Asks: 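Encoded as structure tokens, here's the structure I'll be asking about.
Everything numeric in this text was worked out from a predicted model, so none of it was measured. Below, chain A is the first sequence line, B the second, and so on; all start at residue 1.
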Amino acid sequence: MSSKVRVRFAPSPTGLLHIGGLRTALYNYLFARHHGGTFVLRIEDTDQARYVEEAGQDILESLAWAGLHPDEGPVAVRDEQEQEYKGNYGPYHQSRRRDRYAMYASQLVDAGYAYYAYDTVEEIESMRDRLRTAENPNPKYDAQTRMQMRNSLTLSEPELQELLEEGAEYVVRLKVPAGETVQFEDLVRGPVSFETEGLDDQVLLKGDGLPTYHLANVVDDHGMEITHVIRGEEWLSSAPKHILLYRYLGWEPPAMAHLPLIMSPSGGKLSKRKAEEEGIPVNVRDYRRERYDRDAVVNFLALLGWSPGDDRELLTLEEMIRDFSVERVGKSGAIFDFKKLLWFNEQYMRNRSDAELAAELEELIRERGLPGKDSLTEMEQQRATDTDFLAGVVRLLKERVSLLPEFLEAGAFFFDAPVDFDEKSVRKGWKEDTPARVSLYRDRIAGLEDAAFRADELKRILTEIVEAEGVGFGKLMMPLRVAVTGAGSGPDLFETLELLGRDEVLQRLGTALEKL
RNA sequence: GCCGCGUUCGUCUAGGGGUCUAGGACGCCGCCCUUUCACGGCGGUAGCACGGGUUCGAAUCCCGUACGCGGUACCA
């Protein structure tokens with residue numbers, strides 16, 4: 001390999017980082033690491049109109065959360081003026097590299113590969129209106145129409161001079177040649193070719209002096225010595241324009257790989273609106289907030305369009321790095337399977353220690369309280385900050401939840417007595433002879449020392465009672481469960497009782513005996 | 001409309017001329033475990049879009065059709 005691999009993830013700060021964007025970043029990251037190359041983060045903020053203030057920070061935080069640390073790029077976003085970078089190819093915000101785009105744009109004009117265009121938006125729109133037909137709903141500004149427009153190809157020298165003097169606004173457009181075939185080898189798709197007839201005279205430099213994506217990305221990829229462009233399939237159609245630009249600028253184009261899109265379950269790009277309608281979070285921030293396991297998300301995303309080639313599904317980052325290759329990336333769009341993501345999350349969550357999860361739970365409660373509660377009771381408060389207690393909750397619920405916040409929902413009864421009892425379970429299990437047995441059990445466990453209030457002992461006592469009465473285990477176990485947890489199912493009852501503690505259990509039993 | 005790309009179980013995918021009566025995973029269903037539920041174990045369900053070629057032989061190669069997706073901006 002002649003030159004060292006350098007790839008970039010180049011998001012636009014027009015919104016929060018999208019989950020699909022994270023996958024693109026991941027593939028770039030894996031590719032870079034696999035080849036011992038460099039992973040660059042570049043912010044493509046050339047669209048003033050769509051700029052979103054918090055987006056830059058969100059991109060940095062989201063990548064860091066996922067563990068995809070760029071080797072070069074912005075380190076921290078302070079404010080507009082003050083940016084901190086790492087790497088020798090900066091600045092890594094396109095808005096701060098504007099001079100070079102203008103320079104290359106005029107170089108292209110001088111060489112006859114581009115031209116100045118003075119058409120107003122209205123003029124272009126009226127040209128499109130004039131030419132629009134059912135057969136051609138989107139007329140292009142191209143070799144056919146450019147000679148009817150107001151640009152440096154059609155205007156006379158004096159006219160141009162006048163426009164220049166009055167400081168008229170202009171754009172620079174690429175002069176796409178007619179009758180050529182642009183071909184290139186896509187690392188994912190193989191040979192791809194386009195006829196220049198289908199291309200328009202793309203604006204390279206906008207009226208505000210900033211470049212469009214097309215110019216900026218070519219200039220920067222070359223300037224930053226990017227060797228492989230790995231990006232979403234939505235860019236495939238504009239790739240020939242980029243190839244043309246590399247040619248006209250006299251540069252060697254980087255290798256390209258266009259990734260299949262992530263699709264919504266109902267089809268089409270996984271757009272924000274569509275995804276959320278289907279219960280799928282689209283912003284990486286949502287995954288962070290809902291405390292998804294980062295490794296699970298990364299693992300899931302890696303397999304959405306790529307496969308290691310064998311049956312492994314649970315892969316560590318190291319394994320992904322070792323086995324990643326663009327050749328093994330699929331060509332067709334992948335539907336976001338939310339249930340499978342949950343499965344990954346369960347797998348990773350169960351592999352983590354109770355203490356670790358308990359600490360996260362504590363933080364979660366501190367941040368947003370308990371579900372459905374405006375404020376915490378004294379007992380809830382006390383238990384929510386007791387890490388041993390929380391670890392106990394985790395241990396009992398770990399195998400039954402998919403997402404971290406679910407511990408709080410499924411385990412609400414651990415924090416305070418249930419407010420009501422599951423009707424169906426009561427109807428099924430709470431009969432006339434039940435109160436007597438429950439009372440008996442209560443009396444028996446009331447006499448236990450704290451140290452003896454343990455699951456095995458609690459179970460032994462119950463067994464004794466049901467055997468003495470000659471009834472089934474469930475005749476007493478189920479009523480106890482409803483009385484203590486309010487529900488007809490849940491984690492092991494005796495473990496639950498032990499965690500709750502004697503006094504609390506006795507009190508709940510008393511309440512149930514009164515109410516039921 | 002035009003241009004480009006794609007199409008293996010519901011979903012993610014393996015498979016790249018014979019080893020494919022197409023493998024794995026998620027989901028779903030059933031059974032076992034558990035005197036709850038879940039976890040787990042076992043089993044099942046379900047697929048090469050269609051039509052032509054090429055070939056002794058095609059899920060695999062070629063062509064066409066259909067369908068899907070992307071692009072068609074002074075957005076990225």
Asks: Could you tell me how far B:G17 sits from B:C62 if I compare only their C1' atoms? Round to whole Å.
Replies: 13 Å
Asks: From C-beta outward on A:D337, which listed nucleotide comes closest to its side chain: B:U36, B:G10, B:G4?
Replies: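 Closest nucleotide among those given: B:G10.
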Asks: Taking A:E197 for its side chain and A:G179 for its backbone only, find out whether a donor-acceptor pair lies under 3.5 Å.
Replies: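 Side chain of A:E197 to backbone of A:G179, a donor-acceptor pair under 3.5 Å: yes, one is there.
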Asks: What is the nucleic acid contact for A:S237, judged by heavy atoms within less than 4.0 Å: base, sugar-phosphate only, or nothing?
Replies: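 Base, at least one base atom sits under 4.0 Å.
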Asks: Counting only side-chain heavy atoms from C-beta out, which of B:A25, B:C12, B:G4 sits nearest to A:E313?
Replies: B:A25
Asks: Any idea which of B:C69, B:U72, B:G24 is nearest the A:E233 side chain?
Replies: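 Given the options B:C69, B:U72, B:G24, the side chain of A:E233 is closest to B:C69.
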Asks: If stacking means aromatic ring centre less than 5.5 angstrom from the base's six-membered ring centre, planes under 30°, is A:F473 stacked on B:U35?
Replies: yes
Asks: Does A:R328 reach a base, just sugar-phosphate, or nothing at all? Heavy atoms under 4.0 Å.
Replies: sugar-phosphate
Asks: Is the terminal nitrogen or CZ of A:R42 (NZ for Lys, CZ for Arg) located under 6.0 angstrom from the six-membered ring centre of A:F9 and within 45° of that ring's axis?
Replies: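 Pair A:R42/A:F9 does not count as cation-pi.
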Asks: Among B:A76, B:G6, B:C74, find the nucleotide with the atom closest to the side chain of A:K331.
Replies: B:G6
Asks: Indicate the atoms forming the closest heavy-atom contact of A:P479 with A:T434, along with that distance.
Replies: CB-CG2, 3.4 Å
Asks: With sugar-phosphate meaning primed atoms plus P, OP1 and OP2, does A:R173 contact a base, only sugar-phosphate, or nothing at under 4.0 Å between heavy atoms?
Replies: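 Here A:R173 touches the backbone only, sparing every base.
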Asks: Between A:R350 and A:Y348, is NZ or CZ placed under 6.0 angstrom from the six-membered ring centre and within 45° of the ring axis?
Replies: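 The answer is no, since A:R350 fails at least one limit relative to A:Y348.
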Asks: By the 4.0 Å heavy-atom rule, please label A:F194 as base, sugar-phosphate, or nothing.
Replies: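 Since only primed, P, OP1 and OP2 atoms lie under 4.0 Å of A:F194, the category is sugar-phosphate.
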Asks: Among B:A76, B:U72, B:U7, which nucleotide sits nearest the side chain of A:S332?
Replies: B:U7
Asks: Counting heavy atoms from C-beta on, name the nucleotide in B:U36, B:G4, B:G1 closest to the side chain of A:S489.
Replies: B:U36
